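As the structure is a computational prediction, the values presented were derived from the model and not from experiment.
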Amino acid sequence: MIFVTTMSCTLIGQHPMRFRFGYDEDDALCHKIKLEMIRQILILYQNGVTDFFTNCETGPPMWGAEAIIALMDKLKSIRLFCAIPYEEQATKWTPDLRDRYFNILEKCTDSCYIQKQLTQDSYRLCGNYLVEHSNFVLAVYNTKITTTLDPVTAIVNDAKEAGKGIIYIHPDTARVTPIRIEAYGCNGDLY
């Protein structure tokens, strides 16, 4: 298990097929979202967040992990922790996505597998782990289009219940909603 005592943030986002550009990372909106993620990561870092967590899923979690790895050479105290839902997570991905995944695991500060094999609970348990180990969540997420079956929705809801600060980046516009603490129906901005 990974034990962290510093300020930390989980990087999550909806599956690429929920974006209008899908897996096309050359799309202008995708570039805009990635740049906004980097900007928010740097703002968090400048405000004392040094540890970043991801489940290494395709899309925003992977993009965020790659951004952190690129920053690790320049910002010596920034760290990346990968909490993988189950060991064979990337088995059915394309070769390019698998290569990126294994590159992240090779270069991250530390990693752990939540479960050995895929079960009904793998993503829920991983989401719980991410929320428990983070002070903040950076979510590329449309709060208007959610489903209870979506693991990202579960992480966002768990973070709200735990009173974690959540930064939203809208997947259709790359517009940022500043850190919000939304616990038990009480909404409030954190400045």
Side-chain angles (χ1 to χ4, degrees), residues 1-2 8-38 40-41 51-73 78-131 133-134 137-142 145-156 158-159 168-172 174:
M1 288 294 187
I2 302 167
S8 57
C9 177
T10 285
L11 308 167
I12 63 168
Q14 291 167 309
H15 190 277
M17 292 313 296
R18 292 195 183 271
F19 302 138
R20 67 178 187 217
F21 53 83
Y23 282 94
D24 182 5
E25 293 186 37
D26 291 327
D27 183 86
L29 178 58
C30 184
H31 282 286
K32 194 173 177 183
I33 290 169
K34 287 181 177 183
L35 287 172
E36 192 55 55
M37 286 184 75
I38 293 168
Q40 294 303 316
I41 288 166
D51 294 351
F52 292 84
F53 284 80
T54 180
N55 62 7
C56 272
E57 275 294 313
T58 58
M62 183 176 279
W63 305 337
E66 289 171 331
I68 298 297
I69 288 169
L71 292 168
M72 287 169 77
D73 286 335
I78 199 166
R79 303 188 305 175
L80 176 66
F81 298 94
C82 298
I84 309 303
Y86 61 100
E87 278 188 26
E88 295 187 3
Q89 176 183 21
T91 299
K92 296 182 181 180
W93 294 359
T94 65
D96 176 59
L97 289 172
R98 275 198 313 272
D99 288 346
R100 290 168 67 185
Y101 171 83
F102 287 115
N103 185 53
I104 291 166
L105 291 182
E106 181 181 312
K107 294 180 179 178
C108 71
T109 305
D110 200 2
S111 64
C112 69
Y113 293 102
I114 302 302
Q115 291 190 307
K116 194 153 184 70
Q117 297 177 343
L118 176 63
T119 69
Q120 281 183 293
D121 294 329
S122 297
Y123 285 95
R124 182 186 56 78
L125 292 171
C126 186
N128 291 346
Y129 182 91
L130 293 171
V131 170
H133 288 82
S134 294
V137 173
L138 175 56
V140 180
Y141 183 75
N142 183 349
I145 303 174
T146 62
T147 172
T148 55
L149 300 176
D150 180 16
V152 178
T153 298
I155 293 171
V156 167
D158 290 347
Y168 296 104
I169 300 174
H170 197 285
D172 295 332

Original post:
Going by heavy atoms in the side chains, are L138 and F52 under 4.5 Å from each other?
Top reply: no

Original post:
Is the side chain of S8 donor-acceptor paired with the backbone N or O of D51 at a distance under 3.5 Å, no angle test?
Top reply: no

Original post:
Is there side-chain contact between I114 and C112, with heavy atoms separated by less than 4.5 Å?
Top reply: yes

Original post:
Judged by modelled atom types alone, do Y141 and T153 share a side-chain donor-acceptor pair under 3.5 Å?
Top reply: yes

**OP:** Can you see which heavy atom on N55 is nearest to which on P61, and at what distance?
**Re:** OD1-CB, 3.3 Å

**OP:** Calculate, to the nearest 0.5 Å, the distance between atoms CG and CZ belonging to D121 and R124 respectively.
**Re:** 4.5 Å

Subject >> Under the salt bridge (charged side-chain N to carboxylate O under 4.0 Å, His left out) test, residues paired with D99 that sit two or more places apart >> reply: none

**OP:** On the 0 to 90° scale, with breaks at 30° and 60°, tag the F81-F53 ring pair as parallel, tilted or perpendicular.
**Re:** parallel

**OP:** Specify the closest pair of heavy atoms between L97 and M62, including all atoms of both residues, with the distance to one decimal.
**Re:** O-CE, 3.7 Å

**OP:** Look only at the side chain of T10 and the backbone of L130, and say whether a donor-acceptor pair between them is shorter than 3.5 Å.
**Re:** yes

Original post:
Which is it for Y101 and I84 under the side chain to side chain contact (heavy atoms under 4.5 Å, CB included) test, yes or no, and what are the steps along the way?
Top reply: CA-CA 11 Å; Y101 171 83; I84 309 303; 3.3 Å; yes

**OP:** Looking only at non-hydrogen atoms, find the nearest pair between T119 and S122 and report the distance.
**Re:** N-OG, 2.8 Å

Original post:
Would a distance-only check, ignoring hydrogens and angles, find a side-chain to backbone donor-acceptor pair under 3.5 Å from R98 to W93?
Top reply: yes

Subject >> Separation of D24 CG from H31 NE2 (nearest 0.5 Å) >> reply: 8.0 Å

Original post:
Side chains of T54 and C82: closer than 4.5 Å at any heavy-atom pair?
Top reply: yes

Original post:
Would you call Y23 and T94 a side-chain contact if the rule is heavy atoms closer than 4.5 Å?
Top reply: no

Original post:
Are any non-hydrogen side-chain atoms of M72 and I69 less than 4.5 angstrom apart?
Top reply: yes

**OP:** To the nearest 0.5 Å, tell me how far L29 CG sits from H170 NE2.
**Re:** 10.0 Å

Original post:
Roughly how far apart are D96 CG and T58 OG1, rounded to 0.5 Å?
Top reply: 11.5 Å

Original post:
Of all residues at least two apart in sequence or in a different chain, which pass the salt bridge (charged side-chain N to carboxylate O under 4.0 Å, His left out) check with E87?
Top reply: K116

Subject >> Closest non-hydrogen atom pair between L80 and C108, with its separation >> reply: O-CB, 3.5 Å

Original post:
By side chain to side chain donor-acceptor pair (under 3.5 Å), which residues pair with E66, not counting sequence neighbours?
Top reply: R100

**OP:** Considering non-hydrogen atoms only, spot the tightest contact between P60 and Q14 and give its length.
**Re:** CD-O, 3.5 Å

Original post:
By side-chain contact (heavy atoms from CB on, under 4.5 Å), which residues pair with C30, not counting sequence neighbours?
Top reply: F21, E25, D27, K34, W63

Original post:
Looking at G13 and V152, what are the two nearest heavy atoms and their distance?
Top reply: O-CG2, 3.2 Å

Original post:
Residues in side-chain contact (heavy atoms from CB on, under 4.5 Å) with L71, at least two apart?
Top reply: I41, L42, L75, I78

**OP:** State, yes or no, whether a side-chain contact exists between N142 and R18 at a heavy-atom distance under 4.5 Å.
**Re:** no

Original post:
Can you tell me how far the CG atom of L125 sits from the CD atom of Q115, to the nearest 0.5 Å?
Top reply: 5.0 Å

Original post:
What residues, two or more places apart in sequence or in another chain, satisfy side chain to side chain donor-acceptor pair (under 3.5 Å) together with K107?
Top reply: N103

Subject >> Atom pair SG (C126) and CD (Q89), whose distance is rounded to the nearest 0.5 Å >> reply: 7.5 Å

